Amino acid sequence: MKKNSTTHSAQNVDEIVSNALTELMSTKTLDDLDQWRIRYLGRKGIVVQLKRSISDLPSAERPEFGQTINSASKELEAKLLNKQEEILATDSKKTAESIDVTLPGVPVNNGSLHPITQTIRDICDAFTAMGFEVIEGPEVELDYYNFQMLNIPKHHPARDGFNTLWIDQEDSNGEKPMLLRTHTSPMQIRTMENQEPPVRLIVPGKVYRYEATDSSHEWHFSQIEGLAVDKGITFANLKGTLYEFARKLFGEDVKVRFRCDYFPFVEPGAEMSIDWNSRTNQTGDANWIEILGAGMVHPKVLKAVGYDTDKYTGFAFGIGVERIAMLKNGIDDIRLFYNNDIRFLGQF
Ligand code: DAH
């Protein structure tokens with residue numbers, strides 16, 4: 001005799017499926033859907049129960065009933081997937097609609113040039129406008145270019161002033177031929193060696209000194225070297241060029257002052273200062289601040305690169321970039337440039 005004949009009729013399975021589908025229609029969320037899945041298709045769900053009850057049937061009826069259950073189960077699984085897609089689609093549509101495009105966006109931080117880069121560009125602009133070419137050179141340099149060819153032979157006292165960082169590599173004489181350049185002047189030599197006059201160049205770049213740091217000293221900093229060699233170049237050309245540079249950078253009213261100074265690679269040598277007060281139209285005593293070294297290229301330097309000193313003369317200068325950037329921006333500590341503090345850098 002059939003046990004529990006209602007459970008084991010195909011009609012009953014149809015009823016279960018149609019109930020299941022009605023319930024499915026009204027699910028709105030993925031959570032609801034999961035509850036539904038557990039109820040019908042879960043490990044202890046109705047479909048599994050139906051499958052288990054097959055063994056209660058007489059063996060002749062089992063295959064047909066088994067098939068009915070299998071196709072019912074497949075149908076429910078297919079409908080489950082459809083419903084899941086439907087819910088996901090409406091959810092994402094809702095999220096899209098909930099984006100208020102009129103709200104202000106997330107602020108984006110704009111980058112800017114480092115103040116030293118900006119200053120280098122300003123200085124280069126002033127000189128390129130006067131016909132100077134911008135070139136760069138190596139930071140690891142030979143003693144030969146950094147000192148010897150600039151009229152600073154071995155054991156010359158001027159070397160003491162350059163607090164040199166040497167590269168730890170000796171030649172056959174036990175001497176160290178390489179260093180981190182202490183100034184950008186070696187590019188004077190490297191250029192003149194390969195080029196006949198006229199020469200008009202500026203060389204921005206980093207230089208290194210073995211020095212303790214404080215508010216006005218860094219062990220690495222930037223310079224801009226300048227060189228002009230041609231027929232008939234005089235000290236008046238030097239003054240005129242550097243005065244024009246000062247006006248471009250600090251304003252038309254700026255006052256400059258030249259005084260004697262000594263550098264082995266120039267004769268005569270000079271330093272140029274600007275009157276910081278003149279720039280801002282302030283009255284009162286002048287406030288002279290030195291911003292560069294300069295001079296007429298020493299004949300020994302011109303001869304060393306094979307230039308005819310009867311034909312050619314020239315002037316050279318070296319500008320400390322950090323000094324200028326500090327003056328222009330009212331910065332009182334050189335170390336701020338290299339601390340990488342966004343609160344400082346963000347101001348430029
Ligand atoms: N090289 C010098 C230094 O680092 C600066 C300098 C002075 C460069 C006079 C020049 C010059 O070309 O003529 O102290």
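Whatever order the structure lists them in is the order used to number ligands and atoms, beginning at 1. Just so we're clear, the structure is a prediction, and the values are computed from it rather than from any experiment.
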Worksheet entry | Ionic contact status for Arg190 with Glu141, cut-off 4.0 Å |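 Salt bridge flag = yes for Arg190 with Glu141.
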
Worksheet item: Do NZ/NE/NH1/NH2 and the carboxylate oxygens of Glu218 and Arg209 come within less than 4.0 Å?
Response: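 Between Arg209 and Glu218 there is no salt bridge, as every charged N stays at least 4.0 Å from the carboxylate O atoms.
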
Practice prompt. Could you tell me if the ring centre of His183 sits under 6.0 Å from that of Phe265?
Written response: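 Between His183 and Phe265, the centre distance is under 6.0 Å.
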
Worksheet entry | Lys/Arg cation over aromatic Phe245: Lys239, 6.0 Å, 45° cone |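 No.
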
Worksheet item: Does Phe65 have Arg62 sitting over its ring (NZ/CZ under 6.0 Å from centre, angle to axis within 45°)?
Response: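 Arg62 over Phe65 ring: no.
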
Discussion item. Taking distance alone, with N or O pairs closer than 3.5 Å, would you say Val266 contacts ligand 1?
Written reply: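 Val266 vs ligand 1: no N/O contact under 3.5 Å.
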
Nearest non-hydrogen protein atom, [atom]:
| atom | value |
| --- | --- |
| atom 14 (O) of ligand 1 | Arg209 NH2, 3.9 Å |
| atom 5 (C) of ligand 1 | Gly318 CA, 4.1 Å |
| atom 13 (O) of ligand 1 | Ala316 O, 3.1 Å |
| atom 11 (C) of ligand 1 | Phe265 CE1, 3.5 Å |
| atom 12 (O) of ligand 1 | Glu225 OE2, 2.6 Å |

Just which atoms of ligand 1 are under 4.0 Å from any heavy atom in [X]?
| X | result |
| --- | --- |
| Ser185 | 1 (N), 8 (C) |
| Gly295 | 13 (O) |
| Gln223 | 3 (C), 4 (O) |

Worksheet entry | Under-4.0 Å heavy-atom contact with ligand 1, by part of Phe315 that carries it |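 Near ligand 1, Phe315 shows nothing, with every heavy atom at 4.0 Å or more.
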
Item to complete: With heavy atoms under 4.0 Å as the rule, classify the contact between Ala294 and ligand 1 as side chain, backbone, both or neither.
Response: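 Looking at Ala294 and ligand 1, just backbone atoms fall under 4.0 Å.
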
Discussion item. Could you check whether any side-chain N or O of Thr95 sits under 3.5 Å from a backbone N or O of Asp91, counting only pairs where one atom can act as donor and the other as acceptor?
Written reply: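 Yes.
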
Item to complete: Indicate yes or no for a side-chain donor-acceptor contact from Arg323 to the backbone of Glu290 under 3.5 Å, with no hydrogens or angles considered.
Response: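 Indeed, once roles are kept as given, a pair shorter than 3.5 Å links the two residues.
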
Worksheet item: Is there a donor in the side chain of Asn146 and an acceptor in the side chain of Thr182, or the other way round, less than 3.5 Å apart?
Response: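 Present: a donor and an acceptor within the cut-off.
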
